[in-house]
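Written below as C-alpha cells is the structure these notes are about.
Here the structure is a predicted model, which means the values were calculated and not measured. Numbers here simply count residues along the sequence, with the first being 1.
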Amino acid sequence: RKPRGVDRGRIKKGKPGDNAGLPGVILLPGIMGSNLAVVNGNKRNRIWLDVSDLMRGRGRKLAVDGGFNVEAAGVLDSPYAKFRNYLVQHNIHVMPMAYDWRLSLEEAAGLLNNLVTERLAAAPGQPLHLVAHSMGGLVASLFMRRHPDTWQNLRDSGGRLVQAGTPNLGSYVIPRILQGKEQMIRLMAAIDADHGLSRWTRWTSRFNGLLELAPSFGAPNFSRVQTWQQLDVMNAPTASDLRTAQSVKDALMKLRITP
C-alpha cells in the first residue's frame with residue numbers, strides 16, 4: 001500500500017507559500033535520494049530511480065558529459081515518506097528539497113538558499129528548520145558557509161539544523177564506488193543490459209557531488225589524481241574535477257557552527 005503523501009515514487013512537494021501558519025521543515029535527502037529525470041521539451045523521463053529504465057541501459061543518460069538535460073524530479077518516497085508523514089501529522093509543513101546529487105554541492109546549496117528565503121518571507125513568525133540526511137547535511141553546511149545572512153535569518157526564526165548520518169569528514173564509500181567494489185555500483189552494472197562496471201565507474205568518476213564526499217583530511221590525499229590511481233580505481237577522476245571538489249571541501253572544513 002502506497003504511503004500517504006507519495007506521488008509516483010516521490011514525496012509530494014510542499015510549496016514554501018503553503019500552510020504559512022505552521023512551523024516549517026525543509027527535508028534534505030541523502031546521496032542518490034532524489035529522483036533524476038531526463039527532460040526533453042515537455043517530456044520528463046525518470047531514469048533514477050527507475051529500475052526498468054536502468055535495466056534497459058538508460059543509466060548512460062546520467063553521465064554529466066552525455067549531452068542530456070537532467071533535472072532533479074522529487075525526493076524518493078521509500079526512505080523518507082514515513083518521516084514526512086509523521087511531521088505532517090504533528091502540524092509541521094514539510095518541504096522536501098530534491099537536488100541533483102551528481103553535481104557539486106554548490107548547486108544544491110544555492111537551491112536551498114532560495115527555498116529558505118521564500119519560506120521565511122511567506123511564513124513570518126514561524127520557525128523554519130532543516131532536517132538533513134547524509135549528503136543533505138553537507139548541502140546544509142555549505143549553504144551556511146556561502147549564505148550566512150540567510151542562515152542567520154533562519155536561526156532568528158527559531159530554526160535549527162538537524163543532521164542525520166552526515167559524513168562531515170568525508171566517506172570511504174566514495175573510493176570504493178570508483179574501485180567498483182561498493183554494492184550499489186555493482187548492482188547498477190549487474191542489472192544494466194548494455195553497460196558493465198567499467199562504464200558505470202567512468203560515469204560516476206565525473207560526478208562532482210560524489211567527489212566532494214571523499215575523505216577530507218589525513219592520508220591518502222584524495223585531491224590528487226595519483227592517489228586514485230594508486231588505489232587501483234577503474235576510472236580515476238580528472239585533475240579539474242578534483243580541484244573543484246577540494247575547493248568545496250576546504251569551505252566545509254572552515255565552517256564553524258554556532259549552537
Side-chain angles (χ1 to χ4, degrees), residues 29-34 36 38 47-49 53-55 57-72 99-109 134-139 141-142 145 165-254:
I31 188 170
M32 303 182 186
S34 299
L36 300 178
V38 173
I47 303 298
W48 185 274
L49 182 59
D53 271 351
L54 293 172
M55 291 177 67
R58 293 173 184 165
R60 63 184 171 80
K61 297 182 179 182
L62 298 179
V64 295
D65 54 358
F68 294 94
N69 180 22
V70 178
E71 294 181 358
Y99 58 91
D100 190 340
W101 40 266
R102 304 170 309 150
L103 307 182
S104 172
L105 297 171
E106 299 277 12
E107 303 285 336
S134 183
M135 184 183 196
L138 297 181
V139 172
S141 294
L142 192 62
R145 176 71 177 166
T166 294
N168 285 297
L169 298 178
S171 171
Y172 284 94
V173 168
I174 306 306
R176 284 182 55 83
I177 289 175
L178 298 195
Q179 287 174 321
K181 295 180 179 180
E182 188 61 26
Q183 182 178 10
M184 176 59 75
I185 194 75
R186 296 183 70 85
L187 177 60
M188 293 301 101
I191 67 173
D192 188 330
D194 298 329
H195 309 99
L197 192 58
S198 177
R199 190 70 63 88
W200 272 91
T201 57
R202 181 171 69 81
W203 296 333
T204 53
S205 73
R206 297 301 314 280
F207 290 177
N208 277 350
L210 266 68
L211 299 180
E212 290 163 8
L213 264 68
S216 303
F217 73 102
N221 183 351
F222 285 97
S223 67
R224 299 171 64 250
V225 173
Q226 293 86 345
T227 296
W228 295 88
Q229 294 171 338
Q230 290 166 3
L231 290 174
D232 197 27
V233 297
M234 301 187 74
N235 290 276
T238 67
S240 175
D241 286 343
L242 290 175
R243 283 194 296 270
T244 299
Q246 190 59 44
S247 69
V248 170
K249 292 195 283 185
D250 288 345
L252 290 171
M253 292 297 288
K254 293 176 183 176

### Message
Are the side chains of Leu103 and Phe207 in contact, using a 4.5 Å heavy-atom criterion?
### Response
no

### Query
Roughly how far, to the nearest 0.5 Å, is the CE atom of Met32 from the CE atom of Met188?
8.0 Å

### Message
Apply side-chain contact (heavy atoms from CB on, under 4.5 Å) to residues Leu211 and Arg206 and explain how you reach the verdict.
### Response
CA-CA 8 Å; Leu211 299 180; Arg206 297 301 314 280; over 6 Å; no

### Task
Can you measure from CH2 (Trp200) to NE2 (His195) and round to the nearest 0.5 angstrom?
9.0 Å

Please list every donor-acceptor pair under 3.5 Å in which a side-chain atom of residues 167-180 meets a protein atom from a residue at least two apart or in another chain.
{"residue": "Asn168", "atom": "ND2", "partner": "Gln163", "partner atom": "OE1", "Å": "3.1"}
{"residue": "Ser171", "atom": "OG", "partner": "Val173", "partner atom": "N", "Å": "3.1"}
{"residue": "Arg176", "atom": "NE", "partner": "Glu182", "partner atom": "OE1", "Å": "3.3"}
{"residue": "Arg176", "atom": "NH2", "partner": "Lys181", "partner atom": "O", "Å": "3.3"}
{"residue": "Gln179", "atom": "NE2", "partner": "Leu231", "partner atom": "O", "Å": "2.8"}

### Task
List the atom of Gln229, the atom of Ala236, and the distance in Å for their closest heavy-atom pair.
CG-CB, 4.1 Å

#### Entry: No-hydrogen, no-angle side-chain donor-acceptor test under 3.5 Å, Gln246 and Asp250
yes

### Message
Are the side chains of Trp48 and Leu62 in contact, using a 4.5 Å heavy-atom criterion?
### Response
yes

### CA sep, side-chain torsions, deciding dist, call: Leu252, Leu142, side-chain contact (heavy atoms from CB on, under 4.5 Å)
CA-CA 6 Å; Leu252 290 171; Leu142 192 62; 3.9 Å; yes

### Note, Tyr99 side chain near Glu107 side chain (heavy atom, < 4.5 Å)
no

### Task
Return yes if some donor-acceptor pair links the side-chain N/O of Asn235 with the main-chain N/O of Ser198 below 3.5 Å, else return no.
yes

### Query
Looking at side-chain heavy atoms only, is the closest gap between Phe68 and Arg60 below 4.5 Å?
yes

### Query
To the nearest 0.5 Å, what is the distance between CD1 (Ile31) and CE (Met135)?
5.0 Å

#### Entry: Leu242 and Trp228, any side-chain heavy atoms less than 4.5 Å apart
yes

#### Entry: Donor-acceptor pair between Thr238 and Asp241 side chains, under 3.5 angstrom
yes

### Query
Under a 4.5 Å cut-off applied to non-hydrogen side-chain atoms, are Leu49 and Leu54 in contact?
yes

### Query
How far does OG of Ser216 sit from CE of Met253, to the nearest 0.5 angstrom?
6.0 Å

### Query
Hey, are Thr227 and Asn221 close enough side-chain-wise for a donor-acceptor pair under 3.5 Å?
no

### Query
So, for Gly30 and Ser134, which heavy atoms are closest and what is the spacing to 0.1 Å?
CA-CB, 3.8 Å

### Expected output: side-chain Trp101 to main-chain Gly209 donor-acceptor under 3.5 Å
no

### Task
Considering non-hydrogen atoms only, spot the tightest contact between Gly57 and Asp192 and give its length.
CA-OD1, 3.2 Å

### Task
Please name the pair of heavy atoms, one in Phe222 and one in Ala214, separated by the smallest distance, quoted to 0.1 Å.
CB-CB, 4.2 Å

### Task
Quick one: pull up CG in Leu210 and OG in Ser104 and give me the separation to the nearest 0.5 Å.
12.0 Å

### Query
Within a strict 4.5 Å, meaning less than it, do heavy atoms of the Ile185 and Thr204 side chains meet?
yes

### Message
Applying side-chain contact (heavy atoms from CB on, under 4.5 Å) to Lys61 and Val70, what does each step give before you reach the verdict?
### Response
CA-CA 8 Å; Lys61 297 182 179 182; Val70 178; 5.5 Å; no

### Side-chain (Ser141) to main-chain (Leu138) donor-acceptor, under 3.5 angstrom
no

### Task
Report yes if the side chains of Leu36 and Ile47 come closer than 4.5 Å at any heavy-atom pair, otherwise no.
no

